[in-house]
Amino acid sequence: MPRCAIIGFGSIGQELKRQLLEKKWSVNYIINSVDITDSGGNIIDTSSSWKKYHDIDVVFLAVPSSL
């Protein structure tokens, strides 16, 4: 089972998490502008500490961009 992290947890990040869990992927970390949470929504660290969370296979970037 692939282990992943999601950067950004707005409408796209939330839907991405739902679909990943539906496909039995492991969502280890969700990183937003303030903190890092586990897939259950429990805060585990501040977002500035992202470098120490590297035990994952895939990172999804789910942040808005403008053209």
Side-chain angles (χ1 to χ4, degrees):
M1 164 180 6
R3 299 166 300 171
C4 64
I6 299 172
I7 300 174
F9 203 58
S11 57
I12 293 170
Q14 291 175 32
E15 178 63 19
L16 177 60
K17 176 188 168 192
R18 187 190 68 73
Q19 290 188 25
L20 289 170
L21 293 176
E22 187 177 284
K23 295 184 182 309
K24 308 295 186 213
W25 282 44
S26 175
V27 179
N28 292 37
Y29 309 111
I30 299 166
I31 305 167
N32 62 35
S33 60
V34 178
D35 49 37
I36 299 172
T37 60
D38 61 15
S39 63
N42 303 306
I43 297 173
I44 55 176
D45 213 335
T46 61
S47 61
S48 60
S49 301
W50 63 270
K51 288 182 182 181
K52 65 182 175 182
Y53 297 96
H54 51 78
D55 56 339
I56 54 174
D57 301 311
V58 179
V59 176
F60 293 95
L61 182 60
V63 296
S65 61
S66 59
L67 298 174

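Because the structure is predicted, anything quoted here is derived from the model rather than measured.
When all heavy atoms are compared, the tightest approach of Ala5 to Ile56 is CB-CD1, 3.5 Å. Contact between Ile44 and Tyr53 at its shortest, heavy atoms only, is O-OH, 3.8 Å. Taking each heavy atom of Ser47 and Asn32 in turn, the nearest pair found is CB-O, 3.2 Å. Closest approach of Trp25 to Leu21, counting heavy atoms only: O-CD2, 3.6 Å. Minimum interatomic distance between Val59 and Ile7 (heavy atoms only, all atoms of both residues): CG1-CD1, 3.6 Å.
Ile31 and Val63 fall within a single hydrophobic cluster, where Ile, Leu, Val, Met, Phe, Trp and Tyr are joined by side-chain heavy atoms under 4.5 Å apart, directly or via other members. Put simply, Val58 and Leu16 are part of the same group of oily side chains (I, L, V, M, F, W, Y) that touch within less than 4.5 Å, one to the next. Under the 4.5 Å side-chain heavy-atom criterion for ILVMFWY residues, no single connected hydrophobic cluster contains both Ile6 and Trp50.
In this structure the side chain of Arg18 reaches within 4.5 angstrom of the side chain of Glu15, judged on heavy atoms. Between Ile43 and Thr37 the shortest side-chain heavy-atom distance falls below 4.5 Å.
For Lys24 (side chain) and Met1 (main-chain N/O), no donor-acceptor pair under 3.5 Å exists by modelled atom type.
For the side-chain contact (heavy atoms from CB on, under 4.5 Å) criterion with Ser39, the lone passing option out of Leu20, Asn28, Val27 is Val27.
Distance OH/Tyr29 to CZ/Arg3: 8.5 Å, rounded to 0.5 Å. For the atom pair CG of Asp35 and CG of Asp45, the computed distance is 9.0 Å after rounding to the nearest 0.5 Å.
Under the ring-ring contact (aromatic ring centres under 6.0 Å, His included) criterion, Phe9 pairs with no residue at all, not counting sequence neighbours.
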